[in-house]
Amino acid sequence: MSEIKTTFLDKVNNENLSKSDVVNLFKNLNDTDLEYSNTGYLQFEISDESNIILQFSAVDKENISFRYDENIPNVRNGQSWYSSNGSDYSEIVDAGDENYVPKNSFLNMEKTVNIISEFFENPKQKPSVVFWTNAEDFDWE
């Protein structure tokens, strides 16, 4: 099985970290960590041209948005889904640095840890601990 590469804010750049190391990065997140960067991702390489990426944008420790991307050739440039906290908001908000995400995509730390854990167990499937909404279902204008 391929390994998962992690990029976390301005602290970790494309490194192989264990699930527990990644979970600890999130659990130990504080406001000063978000001063220069508030995004990152976990990348699972399927082939040289295909990846599955779990991208995140953090407003603070209890408001983290996730996007699950299937960047697979021949799938019309791939598909993307946003996490959903169950709220019925389709509003798009700035999560920082003009990084726009659905308002209802922000999750608390408990859900964040569960998503990361499931992604490490089976990156080829969207984590089942939350609902996911296709990015095409939002009005981005």
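In this text, all values refer to a predicted model and were calculated from it rather than measured experimentally.
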- request: Could you tell me whether the side chain of W81 and the main chain of E70 form a donor-acceptor pair under 3.5 Å?
  value: no
query: Can you name the nearest heavy-atom pair linking A58 to L29, along with the distance?
result: CB-CD2, 4.1 Å
query: Does any N or O in the side chain of N122 come within less than 3.5 Å of the main-chain N or O of E118, such that one atom is a donor and the other an acceptor?
result: no
query: Looking at F106, F119, F26, which hits ring-ring contact (aromatic ring centres under 6.0 Å, His included) with F56?
result: F26
field: Any side-chain heavy-atom pair of L54 and I115 under 4.5 Å
entry: yes
query: Going by heavy atoms in the side chains, are F120 and V22 under 4.5 Å from each other?
result: yes
- request: Decide yes or no for D60 and N63: does some side-chain heavy atom of the first lie under 4.5 Å from some side-chain heavy atom of the second?
  value: yes
message: Working note: E15 + T6, criterion side-chain contact (heavy atoms from CB on, under 4.5 Å); need CA distance, chi angles, decisive distance, verdict.
response: CA-CA 5 Å; E15 294 180 25; T6 300; 5.6 Å; no
task: Examine M109 and L34 and state if one hydrophobic cluster contains both, with Ile, Leu, Val, Met, Phe, Trp and Tyr joined whenever side-chain heavy atoms are less than 4.5 Å apart.
output: yes
message: A quick test of your reading: do over 12 heavy atoms of other residues, nucleotides or ligands sit less than 6.0 Å from CG of N30?
response: yes
field: N/O donor-acceptor pair under 3.5 Å between D137 side chain and T133 backbone
entry: no
task: Return yes if some donor-acceptor pair links the side-chain N/O of S57 with the main-chain N/O of S65 below 3.5 Å, else return no.
output: no
- prompt: Atom CH2 in W132, atom OG in S83: separation rounded to 0.5 Å?
  reply: 5.0 Å
N-O pairing of D69 and R67 below 4.0 Å: yes
task: Just jot down the salt bridge (charged side-chain N to carboxylate O under 4.0 Å, His left out) partners of K126, sequence neighbours excluded, or say none.
output: none
- line: Nearest heavy-atom contact between N104 and S87 is ND2-O, 3.1 Å
message: Could you tell me if the side chain of T7 sits less than 4.5 Å from the side chain of V12, heavy atoms only?
response: no
- request: Please examine the side chains of Y68 and Y82, heavy atoms only from C-beta on, and report whether any two atoms are closer than 4.5 Å.
  value: no
query: Can you tell me if OH on Y100 sees more than 12 non-hydrogen neighbours from other groups inside 6.0 Å?
result: yes
- prompt: Any side-chain heavy-atom pair from Y36 and L9 closer than 4.5 angstrom?
  reply: no
Any donor-acceptor pair under 3.5 Å from S105 side chain to V101 backbone: no
- request: Answer yes if the ring centres of Y41 and F8 are under 6.0 angstrom apart, and no otherwise.
  value: no
query: When hydrophobic residues are tied together by side-chain contacts of less than 4.5 Å, even through go-betweens, does F66 share a cluster with V130?
result: yes
task: Please step through side-chain contact (heavy atoms from CB on, under 4.5 Å) for the pair D33 and E35, ending with a clear verdict.
output: CA-CA 6 Å; D33 293 331; E35 189 173 337; over 6 Å; no
statement: Closest non-hydrogen contact found for N85 with K103 is ND2-O, 4.2 Å
message: Is it true that E45 and S50 share a donor-acceptor pair across their side chains at a distance under 3.5 Å?
response: no
query: Does the K61 side chain pair with the main chain of K27, one donor and one acceptor, at a distance under 3.5 Å?
result: yes
- line: For N16 and I4, the nearest pair of non-hydrogen atoms, with its separation, is OD1-O, 3.6 Å
message: If you define the side chain from C-beta out and look only at heavy atoms, does anything of S117 sit under 4.5 Å from K19?
response: yes
- prompt: Given side chains that start at C-beta, do those of T39 and Q55 come closer than 4.5 Å, heavy atoms only?
  reply: yes
message: Do L25 and L42 sit in one hydrophobic cluster, given that two such residues count as connected whenever their side-chain heavy atoms are within less than 4.5 Å of each other, even indirectly?
response: yes
query: Between the side chains of Q43 and N51, is a donor N or O closer than 3.5 angstrom to an acceptor N or O?
result: yes
query: What distance separates I116 CD1 from S20 OG, expressed to the nearest 0.5 Å?
result: 11.5 Å
- request: Answer with yes or no whether the side chains of N24 and D21 bring together a donor and an acceptor at under 3.5 Å.
  value: no
